[in-house]
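When a ligand or atom number is given, it counts from 1 through the structure's own listing order. In what follows, every heavy atom counts, from backbone to side chain, and hydrogens, waters and symmetry copies are set aside.
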Amino acid sequence: MTDRLLELAQHPWGQRLLSTLGLPQPRRLPRRDGPSMPEELAGRLVHLIGIGDAPLLSALTQIVVAEGATVVKEAQVPVSTLIVDATAVSTLDQLRDVFRQVQASQARLTPGARVVIFAADPTSAQQARVSALAQALQGFARAMAKELGRRGGTVNLLKVGPIPIGSGTAGQPLLAGTVRFFGGDRSSYVSGQVLQWRTDAAARHLPGPVASRRLAVVTGAAGGIGAATARRLSQDGFHVLCVDVPAASEALEALAARVGGEALPLDLTAEATPAALADAIAARGPLDLMVHNAGITRDRTLARMSAAEWDSVLTVNLASILAIDDALDARALWREGAREVCLSSISGIAGNAGQTNYSASKAGVIGYVTHRAQQLRDRGITVNAVAPGFIETAMTGRMPMMIREVGRRLNSLKQGGRPDDVAEAIAFLASPQSQPLSGEVLRVCGQSLLGA
Ligand code: NAI
């Protein structure tokens, strides 16, 4: 679906027109595509700031260099990625130091720049004062994200758990994955996010060599986000079983052929499906990645919603996930260190009028991953939700024009995301280096104002 406002805003005359009309002027976002590369940050100009002891700073600097970026110090040089180690902030003076140093770098940030802040986890702080400062950094990051969004930039914050992973320790590969994703252009539509980075659990499951042929299942693979995800995962070496309703078989076969995977036409609501899927995995397994992506909407206000509309949405969006996982758990089909990603939605966080069924199902997904992540932590299996905001797919294409137009703009980047943006987030959570993230909700929403 073409975003005419975005097109218009790329021309000087269009910008003048939009400015006269008082309309937003979205920036075209820089994006990176293709398979994950050894030097993901090649070409980027990275400035690093450390506050106090800054225990991560030297590891971060080594990572940035290893990823092919140029570390810049001089005041005149533009900066495309700013990384701040604020994990040691424990006084108001140090918080002010963050403000002053980031402010000094801000003018040098290029349009579409990435800012990544590492901060302490307020809940594991030993003193209330330190907890206050750690939380203050979250407010700082979210507010800065709103300011930078106008220029297509993003700001995200990682709350680092109690075990510091310093320079030269075995934890560095874990830090590298986070820096690659949030510091580069695969996270263009992820902004204003605060995520818990659990070093203690992750340190016990450091990434080993990746199996030569990793097995992934993507449900709803014939749809917008599912197809993009299957494509992206195949680029990173996954053999993808593409699942969708039998009615979508033709599209599914074509996709499977394109990504070198296999089509598995199955209706997720059928009673026999969990066992059939488990059989298919058992014949090829063990399973490295499950992406529960299939989803439907049946929008109606609560007063008018039929029981059938409620049931169908809850069955596809939530019950099918539980039933499939039960079947896979019962037959122990997961590889140690496997990954599970469930599609939630901003509607599951904020609620949405006319979507009591959909919002309930997507909020349920969040409750599910939070709990399941704890259950599977000892086996190194991570379970996360990805919550897209407004993504340009068939689902949003079916919205009435005015609602669609408003939906697109209700975020800091003033535009909708693409299926590839969601696929990149899923590919990151599927990677061995995402081990410290589990039980999290990664929003791919351009810092949506809903549920912020
Ligand atoms: P889509 O409508 O393009 O694709 C969904 C796919 O799921 C379709 O191919 C459909 O056939 C499949 N599916 C539905 N019922 C099924 C069943 N019973 N068995 C097997 N497959 C079934 O939707 P889109 O946009 O790609 O969404 C993917 C996921 O992302 C969904 O869970 C959706 O709720 C979520 N999402 C999407 C957003 C957006 O803006 N597009 C926003 C927030 C969440």
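A distance of 11.5 Å separates CZ of Phe390 from OG of Ser345, quoted to the nearest 0.5 Å. From Ile381, atom CD1 reaches atom CZ of Arg335 across 11.0 Å, with rounding to the nearest 0.5 Å. Between the CG atom of Leu233 and the OG atom of Ser431 there is a distance of 10.5 Å, given to the nearest 0.5 Å.
Remark: of the listed residues Asp421, Asp185, Asp420, Asp421 is the sole one forming a salt bridge (charged side-chain N to carboxylate O under 4.0 Å, His left out) with Arg31. Remark: of the listed residues Leu437, Leu429, Val422, Asn384, Leu429 is the sole one forming a side-chain contact (heavy atoms from CB on, under 4.5 Å) with Leu442.
Phe238 carries Arg214 over the face of its six-membered ring, with the cationic atom under 6.0 Å from the centre and within 45° of the normal.
In terms of polar-atom proximity, defined here as any N/O pair under 3.5 Å, Leu268 does make such a contact with ligand 1. Checked against a 3.5 angstrom limit, the closest N/O atoms of Ala248 and ligand 1 fall outside it. Between Gly223 and ligand 1, an N or O atom pair is found at a separation short of 3.5 Å. Checked against a 3.5 angstrom limit, the closest N/O atoms of Gly224 and ligand 1 fall inside it. At under 3.5 Å, not a single nitrogen or oxygen of Gly226, backbone or side chain, sits near a nitrogen or oxygen of ligand 1. Checked by distance only, ligand 1 and Ile391 come closer than 3.5 Å through their nitrogen or oxygen atoms.
Per-residue contacts place Ala294 under 4.0 angstrom from the following atoms of ligand 1 (heavy atoms of the residue considered): 7 (O), 13 (N), 21 (N), 22 (C), 32 (O). Against a heavy-atom cut-off of under 4.0 Å, Gly220 is close to the following atoms of ligand 1: 6 (C), 7 (O), 12 (C). Every atom of ligand 1 is numbered from 1 in the order shown, and the set under 4.0 Å from a heavy atom of Leu266 is 19 (N), 20 (C). Residue Lys362 has at least one heavy-atom neighbour below 4.0 Å for each of these atoms of ligand 1: 31 (C), 32 (O), 33 (C), 34 (O). Atoms of ligand 1 found under 4.0 Å from any heavy atom of Ala222, numbered from 1 in the order shown, are 9 (O). Taking a cut-off of under 4.0 Å to the non-hydrogen atoms of Val316, the atoms of ligand 1 that pass are 15 (N), 18 (N).
Protein heavy atom in closest approach to atom 5 (C) of ligand 1: Gly295 O, 3.7 Å. Of the protein's non-hydrogen atoms, Tyr358 OH, 3.8 Å is the one closest to atom 35 (C) of ligand 1. Of the protein's heavy atoms, Asp244 OD1, 2.6 Å lies nearest to atom 11 (O) of ligand 1. The protein atom (non-hydrogen) at minimum distance from atom 2 (O) of ligand 1 is Arg398 NH2, 3.9 Å. At the top of the distance list for atom 14 (C) of ligand 1, counting protein heavy atoms only, stands Ile296 CG2, 3.5 Å. Atom 27 (O) of ligand 1 has its closest protein heavy atom at Ile225 CD1, 3.9 Å. Considering only non-hydrogen protein atoms, atom 18 (N) of ligand 1 sits nearest to Asp267 OD1, 2.9 Å. The nearest heavy-atom contact from the protein to atom 38 (C) of ligand 1 is Gly389 O, 4.0 Å.
Under 3.5 Å, the side chains of Arg114 and Thr81 contain no donor-acceptor pair of N or O atoms. In this model, no donor atom of one side chain and acceptor atom of the other lie less than 3.5 Å apart for Asp121 and Trp197. Side chain to side chain, Ser191 and Gln447 fail the donor-acceptor criterion of an N or O pair below 3.5 Å. Residues Gln355 and Asp299 bring a donor and an acceptor atom of their side chains to less than 3.5 Å of each other. Between Ser448 and Asn411, the side chains place no donor N or O within less than 3.5 Å of an acceptor N or O (distance only, hydrogens not considered).
Residues satisfying the side-chain hydrogen bond (donor to acceptor under 3.5 Å, both in side chains) test with Ser249, not counting sequence neighbours, are none.
Only the side chain of Thr393 comes within 4.0 Å of ligand 1, judged by heavy-atom distances. With a 4.0 Å cut-off on non-hydrogen atoms, Asn293 touches ligand 1 through its backbone as well as its side chain. Contacts with ligand 1 closer than 4.0 Å are made by no heavy atom of Val422, backbone or side chain. Residue-level proximity to ligand 1 for Ser344 is carried by the backbone, the only part with a heavy atom below 4.0 angstrom. Contact annotation: for Val245 versus ligand 1, heavy atoms closer than 4.0 Å belong to both the backbone and the side chain.
Residue Gln415 comes nearest to Pro26 through the heavy atom pair NE2-CB, 3.9 Å, listed as atom of the first residue, atom of the second, then distance.
Annotation: side chain of Lys362 is in contact with side chain of Asn317 (closest heavy-atom distance under 4.5 Å).
Under the 4.0 angstrom criterion for non-hydrogen atoms, Thr269 is in contact with ligand 1.
Ion pairing of Glu309 with Arg298 is absent here, as no side-chain N (NZ or NE/NH1/NH2) approaches a carboxylate O to less than 4.0 Å.
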